[in-house]
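Written below as structure tokens is the structure these notes are about.
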Amino acid sequence: MECSFKTANSEIKRVWVLGPVIIGAGPSGLAATACLKQKEVPVLIIERESCLASLWKLKTYDRLRLHLPKNFCELPYMPFPREFSPYPTKQQFISYLEAYAKRFSIEPLFGKEVQWARYDATMGFWRVRTNEFEFVCRWLVVATGENAEPVLPEIAGLRDFRGKVIHTSEYKNGADFRRRKVLVVGCGNSGMEVGLDLCHSGAQVSLVVRDQLHILPKEVLGRSTFALSMWLLKWLPVRLVDRFLLLCSRIILGDTRQIGIKRPKIGPLELKSTTGKTPVLDVGAIAKIKSSDIEVVRGIKRFTTRGAEFEDGKADEFETVILATGYRSNVASWLMEGSFFNRKDGCTKHPFPNHWKGNNGIYSVGFSGCGLLGASIDAQRVAEDIASQWNSEMKHSNLEL
């Protein structure tokens, strides 16, 4: 049902939605929609951009691959094609998502950026306001994910730097950086991979390593480090598995302290479970650091007009700065609710596995900190819960008729 009403600046169309409204048409939103459709629950999915999987299509670099084997990254009810590589490329993953949307007849409403969403206790429904519409629904599924907006840190002097400054969300490949001096700020998976890509393109790369971090080989004895870890955790405690991973890392990658990268005292899996900090899976950057093709530098004290000064007293000049400083949730900017999502960081207040359901019919998909696998688990739980309520209400309505 649709009706219209006027605000101070425009006319808003109010749309009553029978089933849930899903915000976000990335992997999490697509998975949630497919799971609900499988249970014959009508659903409306809205997306602020002009395409599905916009983060993957518009804000990722060309060489990107899934960091985990494809069997850990597939969405519910549809495996990856057999011919795809074990670690699908960016383009393969995008084509998979497009095929997924087609298979389950998922047709998002694009260009619908949410201004605010709140629960109306008087109505007993959620109200979701965009530029043109106000969607009213019984259930609200937040599927915008943990990586909705790039993190742009405030670093002393950065605004005075006269060279080029970009975030990795703007970086595609190293073709334009050949023979240029580039400073990559951030040493997570993206920072390491962008640094490696730049190195392969002939750039002079310096990589800022400010904190301690765990770097693990992507594979051990030809098997995915992640898959091996998950198998070992079935039989051994986390600390023993961590010791095994660190031993393998020492054998395969060597002592990272010798290249200026110190490890935390807590093991990689325990650190992930307690702080959410993901270990870096090496795809070749360590070898380039050892060969001095990539230089590791300490934390930045301040930027100058032509370069940067570092915490160890050294300084250097650069032509380009690439911020590999990650992404964050944007939920806190539009969701007017404080019991389920944290207003500070836009993530759910309760950790995995109790993070997916709030009060009054609000749900989250893709906020578990467990990547695509976690999003798939979320989607199935959310769909089961909403479907049970939907079926109960439909049954009650039929009895009244």
Side-chain angles (χ1 to χ4, degrees), residues 48-51 53-65 67 89-91 94 146-211 213 259-261 280 282-289 291-328 330:
R48 66 176 178 176
E49 300 291 352
S50 60
C51 61
S54 61
L55 178 65
W56 281 86
K57 287 185 176 181
L58 307 177
K59 299 180 180 180
T60 53
Y61 41 94
D62 296 341
R63 69 164 285 130
L64 180 63
R65 287 177 174 266
H67 294 131
T89 64
K90 165 186 173 177
Q91 194 52 53
I94 290 173
E146 301 159 310
N147 301 309
E149 303 287 349
V151 174
L152 302 173
E154 291 287 338
I155 305 175
L158 182 58
R159 294 183 180 180
D160 299 324
F161 177 65
R162 294 177 182 175
K164 185 177 183 179
V165 180
I166 63 171
H167 188 269
T168 49
S169 59
E170 302 172 74
Y171 176 86
K172 296 303 177 185
N173 56 63
D176 294 333
F177 301 95
R178 181 175 175 80
R179 296 180 181 175
R180 292 180 177 272
K181 293 190 70 174
V182 182
L183 180 66
V184 179
V185 181
C187 54
N189 280 302
S190 293
M192 288 286 187
E193 289 191 25
V194 167
L196 180 62
D197 190 53
L198 287 164
C199 186
H200 286 161
S201 299
Q204 299 178 51
V205 185
S206 294
L207 178 69
V208 176
V209 180
R210 185 184 63 180
D211 300 320
L213 76 152
I259 56 174
I261 300 175
V280 174
D282 179 57
V283 293
I286 294 299
K288 292 297 183 182
I289 294 172
S291 65
S292 299
D293 292 307
I294 296 177
E295 180 186 8
V296 170
V297 295
R298 298 267 65 83
I300 299 169
K301 184 178 181 180
R302 68 171 64 88
F303 278 96
T304 63
T305 56
R306 301 179 67 178
E309 298 176 2
F310 301 101
E311 293 174 352
D312 59 2
K314 297 180 180 179
D316 205 348
E317 294 183 356
F318 300 96
E319 296 167 89
T320 302
V321 172
I322 298 179
L323 301 173
T325 44
Y327 295 83
R328 64 185 169 206
N330 68 357

(message) Using every non-hydrogen atom in the two residues, find where Gly260 and Val296 come nearest and quote the distance to one decimal.
(response) O-CG1, 4.0 Å
(message) For Met192, is there any backbone N or O sitting under 3.5 Å from a side-chain donor or acceptor partner on Asn189?
(response) no
(message) Just to verify, what does Arg302 make a salt bridge (Lys or Arg N to Asp or Glu O under 4.0 Å) with, not counting sequence neighbours?
(response) Glu309
(request) State which residue, out of Leu198, Leu207, Asp293, Val205, fulfils the side-chain contact (heavy atoms from CB on, under 4.5 Å) condition with Lys288. (result) Asp293
(request) Using a cut-off of 6.0 Å, state whether more than 12 heavy atoms not belonging to Lys172 lie near its atom NZ. (result) yes
Under 3.5 Å, which donor-acceptor pairs link side chains of residues 177-186 to any protein atom two or more places apart or in another chain?
from, atom 1, to, atom 2, distance (Å)
Arg180, NE, Asp176, O, 3.3
Arg180, NH1, Glu319, OE1, 3.4
Lys181, NZ, Asp316, OD1, 2.7
Lys181, NZ, Asp316, OD2, 3.2
Lys181, NZ, Glu317, O, 3.3

(request) Check whether any side-chain heavy atom of Lys57 lies under 4.5 Å from a side-chain heavy atom of Glu49, and answer yes or no. (result) no
(message) I need the Glu193 CD to Asp197 CG distance, nearest 0.5 Å.
(response) 9.0 Å
(message) Is the shortest side-chain heavy-atom distance between Leu196 and Arg63 below 4.5 Å?
(response) yes
(message) Quick one: does any side-chain atom of Thr325 pair with a main-chain N or O of Val151 as donor and acceptor, under 3.5 Å?
(response) yes
(message) Looking at every non-hydrogen atom in both residues, tell me the closest pair between Ser201 and Ala175 and how far apart they are.
(response) OG-N, 4.2 Å
(message) Nearest 0.5 angstrom please: Thr304 OG1 to Asp160 CG, how far?
(response) 9.0 Å
(request) With rounding to the nearest 0.5 Å, note down the distance linking OH in Tyr171 to CG in Leu64. (result) 12.0 Å
(message) Just verifying a value: how many Å separate Ser169 OG and Asn147 CG, rounded to the nearest 0.5 Å?
(response) 11.5 Å
(request) Please work out whether the ring planes of Phe318 and Phe310 are parallel, tilted or perpendicular, with thresholds of 30° and 60°. (result) perpendicular
(message) Please check this pair: side chain of Arg210 against backbone of Arg298, looking for a donor-acceptor N/O pair closer than 3.5 Å.
(response) no
(message) If you define the side chain from C-beta out and look only at heavy atoms, does anything of Ile261 sit under 4.5 Å from Cys187?
(response) no
(request) Verify salt bridge (charged side-chain N to carboxylate O under 4.0 Å, His left out) between Arg159 and Glu154, making sure each step is shown before the conclusion. (result) CA-CA 9 Å; Arg159 294 183 180 180; Glu154 291 287 338; 3.7 Å; yes
(request) State the CD1-SG distance between Ile289 and Cys199, to the nearest 0.5 angstrom. (result) 9.5 Å
(request) Measure the spacing between CD1 of Ile286 and CD1 of Ile259 and express it to the nearest 0.5 Å. (result) 4.0 Å
(message) Lys314 vs Val297, test: side chain to side chain contact (heavy atoms under 4.5 Å, CB included). Steps then yes/no.
(response) CA-CA 9 Å; Lys314 297 180 180 179; Val297 295; over 6 Å; no
(request) Not counting sequence neighbours, which residues clear side-chain contact (heavy atoms from CB on, under 4.5 Å) with Glu170? List them please. (result) Ile166, His167
(request) Would you check if Val321 and Lys164 make a side-chain contact, meaning some heavy-atom pair closer than 4.5 Å? (result) no
(message) Minimum heavy-atom separation for Ala324 and Ser190, please, with both atom names.
(response) CB-C, 4.4 Å
(request) Under the side chain to side chain contact (heavy atoms under 4.5 Å, CB included) rule, what do Glu311 and Ile300 come out as? Steps first, then yes or no, please. (result) CA-CA 6 Å; Glu311 293 174 352; Ile300 299 169; over 6 Å; no
